[in-house]
Q: 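Pasting in a structure now, in structure tokens, and then I'll have a few things to ask.
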Amino acid sequence: PVIVEYSISSATALALIFSEKLDPQTAEDTAHYNLSTRVPILSATLQNDSATVTLTFREALRKSQTLSVEDVTDRSGNRIEPKVIPITYT
């Protein structure tokens with residue numbers, strides 16, 4: 001799977017849209033996502049489409065940073081290539 005895009009849901013949440021349906025166990029493991037600012041990720045929730053993961057953060061994100069994503073797999077067991085995404089909050 002690859003990340004197709006992201007959208008900012010709120011000051012404390014963003015949605016990652018993947019190219020295919022994901023394995024729920026790996027998609028919802030917060031250890032697979034890391035912010036460069038080290039703001040803790042409270043939850044990673046796989047949405048009903050099985051291709052969108054909503055990340056919820058402990059505090060509001062107020063500046064540009066990067067999000068690292070790794071070890072997320074699709075339903076066939078294919079692992080995402082480690083990806084670093086620039087995130088800009090305005």
Q: Are Ile80 and Ile3 packed together at the side-chain level, in the sense that at least one heavy-atom pair is separated by less than 4.5 angstrom?
A: yes
Q: According to a 4.5 Å side-chain heavy-atom criterion applied to Ile, Leu, Val, Met, Phe, Trp and Tyr, with indirect links allowed, do Val53 and Ile8 form part of one hydrophobic cluster?
A: yes
Q: Do Arg79 and Asp71 meet the salt-bridge criterion of a basic N to acidic O distance under 4.0 Å?
A: yes
Q: What closest approach, in Å, do Asn34 and Ile41 show between heavy atoms, and which atom pair accounts for it?
A: N-CD1, 4.2 Å
Q: Is a donor on one side and an acceptor on the other found under 3.5 Å between the side chain of Thr26 and the backbone of Thr73?
A: yes
Q: Kindly give the heavy-atom pair with the smallest separation between Thr88 and Ser64, and that separation in Å.
A: CG2-OG, 3.5 Å
Q: By the definition side-chain contact (heavy atoms from CB on, under 4.5 Å), identify the one residue from Leu67, Leu35, Ile87 that meets it with Leu61.
A: Leu35
Q: Between Ser10 (side chain only) and Thr12 (backbone N and O only), is there a donor and an acceptor less than 3.5 Å apart?
A: yes
Q: Is there a donor-acceptor pair closer than 3.5 Å between any side-chain N or O of Tyr33 and the backbone N or O of Glu28?
A: no
Q: What pair of heavy atoms forms the shortest contact from Ala15 to Ser9, and how long is it?
A: N-OG, 3.9 Å
Q: Verify the distance criterion only: is there a donor paired with an acceptor across the side chains of Ser50 and Arg75 at less than 3.5 Å?
A: yes
Q: Starting from Val39, can I reach Leu42 by hopping between I/L/V/M/F/W/Y residues whose side chains sit under 4.5 Å apart?
A: no
Q: Quick one: do the Thr37 and Gln65 side chains pair a donor with an acceptor below 3.5 Å?
A: yes
Q: Quick one: are Leu22 and Pro1 in side-chain contact, heavy atoms under 4.5 Å?
A: yes
Q: If we only count heavy atoms from C-beta on, is the Phe18 to Val4 side-chain gap below 4.5 Å?
A: no
Q: Is it true that the side chains of Gln47 and Thr54 contain a donor and an acceptor less than 3.5 Å apart?
A: yes
Q: Could you report the tightest heavy-atom contact between Ala44 and Thr30, atom names first, then the distance?
A: N-CG2, 3.7 Å
Q: Do Val69 and Leu16 touch side chain to side chain, with heavy atoms closer than 4.5 Å?
A: yes
Q: I need the Ser36 OG to Lys63 NZ distance, nearest 0.5 Å.
A: 7.5 Å
Q: Short question: side chain of Ser19, backbone of Val2 - any donor-acceptor pair under 3.5 Å?
A: yes
Q: Please report the interatomic distance CD(Gln25) to CG(Leu46), rounded to the nearest 0.5 Å.
A: 12.0 Å
